[in-house]
Amino acid sequence: MSLDQFLKRPQEKRKQKKEEEVIFKELEQEEVEKLKEEKKVKPKKEDLKKPVSEDGESLEGIILDVGYDGQNAKAYLWIYDLNTQTLKKWLDTSGHLPYLLSNLDVTEIRTHHANVLRHRGFAELKTIKKFDLLRDRPIKMTKVIARDPLSIGGRINSIRNMLKGNSWEDYIRYHKCYAYDRQIVLGMPYQIRDNKLNPIQPEISDSIRTQILKLFESEKEEYLLALDQFLGYFFSPIPNIKRVAFDIEVFSKADRIPDAGKAEEQIIAITFAGTDGLKRVLVLKRDDVEKGERISECEAELEIVASERELIKEAFKILEKYPIVLSYNGDNFDLKYIYHRAINHLGFQKAQVPIYMTTTPQSEVAHLKNNIHIDLYKFFHNRAIKISAFRNMYSDVSLDTVGKTFLEEGKVCLEQPISELCLHELGYYCLHDSELTLDLTTFNNNLIMNLIILLMRITRLSMEDLTRQGVSTWLRNLFYAEHRARAFIIPNPEYIQRLKGEASTKAMIKGKKYKGAIVVKPHPGVHFNVVVLDFASLYPSIIKTWNLSYETVNCKHPECKENKIPETPHWVCTRKVGIMALIIGLLRDLRVKYFKSKAKDKEISKDEQNMYKIITQSLKIIINASYGVFGSEAFPLFCLPVAEATTAIGRDAITRTQNRCAELGIEVIYGDTDSVFLK
DNA sequence: CGTAGCTGCTTACCT
DNA sequence: ACAGGTAAGCAGCTACGC
């Protein structure tokens, strides 16, 4: 089948594959009806900020976040309404419910695990078909459906604990489960009409279509299917989302960094800079501090506020008007400080504060109840962003350094401690930081925001998650979504390890898990007329061409055992295309065969060229990280045989290159991983 | 007692 | 909390010679 034929009927194809899903849907619909009858679903109106439902209002927008609304017992989406430039909360109307999968059949559960059926949140048992990639066979599973996520897991008496050892996919957070099943792509445009959610398909011009068609003519159907899906992510327009950056200043003695958890000192300034041109400078009136002279560079009027309470209240009012709020270290400082200051020192009730904190083992996150909060410090701190996207351009992640790197402008230099500045100086200093923070997302035609949206689409993560999490979470989410979309069981780490085992090679470095790349000892001296050769994205290419994936390496089929991987006892499947090889290969091909040349195409407009550059950049980050995660326990689909197969094939390629050079009498004066320096 | 040589640890850089 | 490989600095230990 050609791509063209294929693209003409993607919807039909999908429907066929989704028959099973339709059955679930009907089932779930019944469930919801039942629940409604039981009056267990009581929507509380005041919690919903303009629900998009009741009056059949229609809406077009970009999905930015997904979550679970406990009071309404439904999944919800935050959608950025393109018309009003506001966030709309949309509650699920499909009746999707939380569930886990069990390898026990319905009668087994009924007879031997009757406590599951007696669980107060239990809803229904349903037999479904799944495919087990590791054993390469279809299996029947029981879907154990519950009315709320906590009945599945998270409590001592949750259903997953009753089915311990026989339950699957029970650790996936419900809102993720919902997004996977509905195949919701965060960052993509959707339409809501009659309270139903539908994706808006991007228009791809005929010339682009034929160009791409030629490139991928010889690929298999499953490749084309995935191609069709991913192409949409790159060709859907990205809106410039309305947003505001803010910064606070806190009184401090002797220039000590204040403790945001205690928030003992006064907040003396809060400033804002928005994409709509808004600039606000709120400073606290202090009897012992002069107002001072107006600073000519300051583009906003100073607003002196009489009390700290008023200052914070006004700040909350401003934040409310923007769908996205930007901060630099807001998770650990600014928003956290305001939160604790308001509640512990200024007598605010929790309900009056639009901020709430969540604590994970790694770090704290400050959430806004009605907006998306991006902490740019965390985003720029991400190693993949720092190294892969920006080639280590900034040495540390301070606002000053990052600002200087991208905006050629750092923070305002101060000669006095903050607490001693006159109000005008204080306001100017604080506003400048807000402006810098905003500019970090607007420079170069909104490069950073566009990059964030593209990465959201590829990884299917929400804006808040993508900007805070590392690449192992990004790739985990991408692969989980792809498993669900194909009705593949998501294997847990123990299952992969049990079937695939440990690494077989020994690392050069003590404490490492397997052998890595070859580095040719440099020949000392000054060399002239040196030629450098290297492989283009070696590891991702290996993963694609050798069909490497957790299920294809050391597969079950006897006939594949002949297909040996050099330098290892491993072999690789000849019958099935590996899921990892498929996705990584596709992303690599799109980058190398199409977008890379587009980014340099002089025939197209500068803006278009720029967009293609950002697309190549986003692909590069994902591709570069893909090999690494296979060797990392932090990645739940990690598989050491896959990781060591990748490096072993890489070593083989470079060694054979070296040997060929020796045959030809060319001296290899240096080489590292994927390159040779020749003289 | 002084020191060569080892190990372990860290940090920075390479792909 | 994406991987391994190389190089260098430093502290602390041990074996060995005087």
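Order of the sequence lines sets the chain letters (A, B, ...), proteins ahead of strands, with each chain counted from 1.
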Sub-4.0 Å heavy-atom contacts from residues 532-550 of chain A onto DNA chain C, ordered by number: none
Rounded to whole angstroms, how far apart are [atom1] on [X] and [atom2] on [N]?
X        : N      : atom1 : atom2 : result
A:Lys513 : C:dA1  : NZ    : C1'   : 10 Å
A:Asn477 : C:dC2  : CG    : P     : 15 Å
A:Asn624 : C:dG4  : CG    : P     : 16 Å
A:Arg476 : C:dC2  : CZ    : P     : 11 Å
A:Lys620 : B:dT15 : NZ    : C1'   : 13 Å
A:Lys512 : C:dG5  : NZ    : P     : 8 Å
A:Phe630 : C:dG4  : CZ    : P     : 15 Å
A:Lys506 : C:dG4  : NZ    : P     : 14 Å

Worked verdict on A:Phe406 versus A:Phe443 for ring-ring contact (aromatic ring centres under 6.0 Å, His included): CA-CA 8 Å; A:Phe406 295 112; A:Phe443 78 92; 5.2 Å; yes
Between [Y] and [X], is there a salt bridge with N-O shorter than 4.0 Å?
X        : Y        : answer
A:Glu482 : A:Arg460 : yes
A:Arg484 : A:Asp181 : yes
A:Lys515 : A:Glu644 : no
A:Arg656 : A:Glu567 : no
A:Lys336 : A:Asp331 : no
A:Glu551 : A:Lys500 : no
A:Asp674 : A:Arg651 : no
A:Arg486 : A:Glu222 : no

Under 3.5 Å, which donor-acceptor pairs do the side chains of residues 526-535 of chain A form with other protein atoms, sequence neighbours left out?
unit_1: A:His527; atom_1: ND1; unit_2: A:Lys679; atom_2: NZ; d: 3.1
unit_1: A:His527; atom_1: NE2; unit_2: A:His523; atom_2: O; d: 2.8

By nearest atom, which of the nucleotides [options] is closest to the [X] side chain?
X        : options              : result
A:Tyr627 : C:dG4, C:dC2, B:dC14 : C:dG4
A:Lys515 : C:dA3, B:dT15, C:dG5 : C:dG5
A:Ala625 : B:dT15, C:dA3, C:dC2 : C:dC2

Worked verdict on A:Tyr328 versus A:Phe379 for ring-ring contact (aromatic ring centres under 6.0 Å, His included): CA-CA 10 Å; A:Tyr328 209 84; A:Phe379 182 68; over 10 Å; no
By side chain to side chain contact (heavy atoms under 4.5 Å, CB included) - contacts of A:Arg498 (at least two apart): A:Arg135, A:Tyr495
Could I get a table of every N or O pair under 3.5 Å where one atom is in the protein and the other is in nucleotides 6-12 of chain C?
none

Where do N or O atoms of nucleotides 7-13 of chain B meet protein N or O atoms at under 3.5 Å, pair by pair?
unit_1: B:dG8; atom_1: OP1; unit_2: A:Lys510; atom_2: NZ; d: 3.3
unit_1: B:dG8; atom_1: OP2; unit_2: A:Lys510; atom_2: NZ; d: 3.0

Closest contact, heavy atoms only, A:Lys386 versus A:His381: CD-O, 4.5 Å
Sugar-phosphate, base or nothing in reach of A:Gly628, heavy atoms under 4.0 Å: base
Parallel, tilted or perpendicular: rings of A:Phe488 and A:Phe131 (30°, 60°): tilted
A:Lys564 NZ: over 12 foreign heavy atoms closer than 6.0 Å: yes
Nearest-nucleotide comparison on DNA chain C, the residue closer to the 5′ end among A:Ser626 and A:Ala507: A:Ser626
A:Ala634 vs A:Tyr514, nearer the 5' end of DNA chain C by closest nucleotide: A:Ala634
A:Ser472 side chain near C:dC2 phosphate (N/O to OP1/OP2, under 4.0 Å): yes
Neighbours of DNA chain B within residues 378-388 of chain A, by heavy-atom distance under 4.0 Å: none
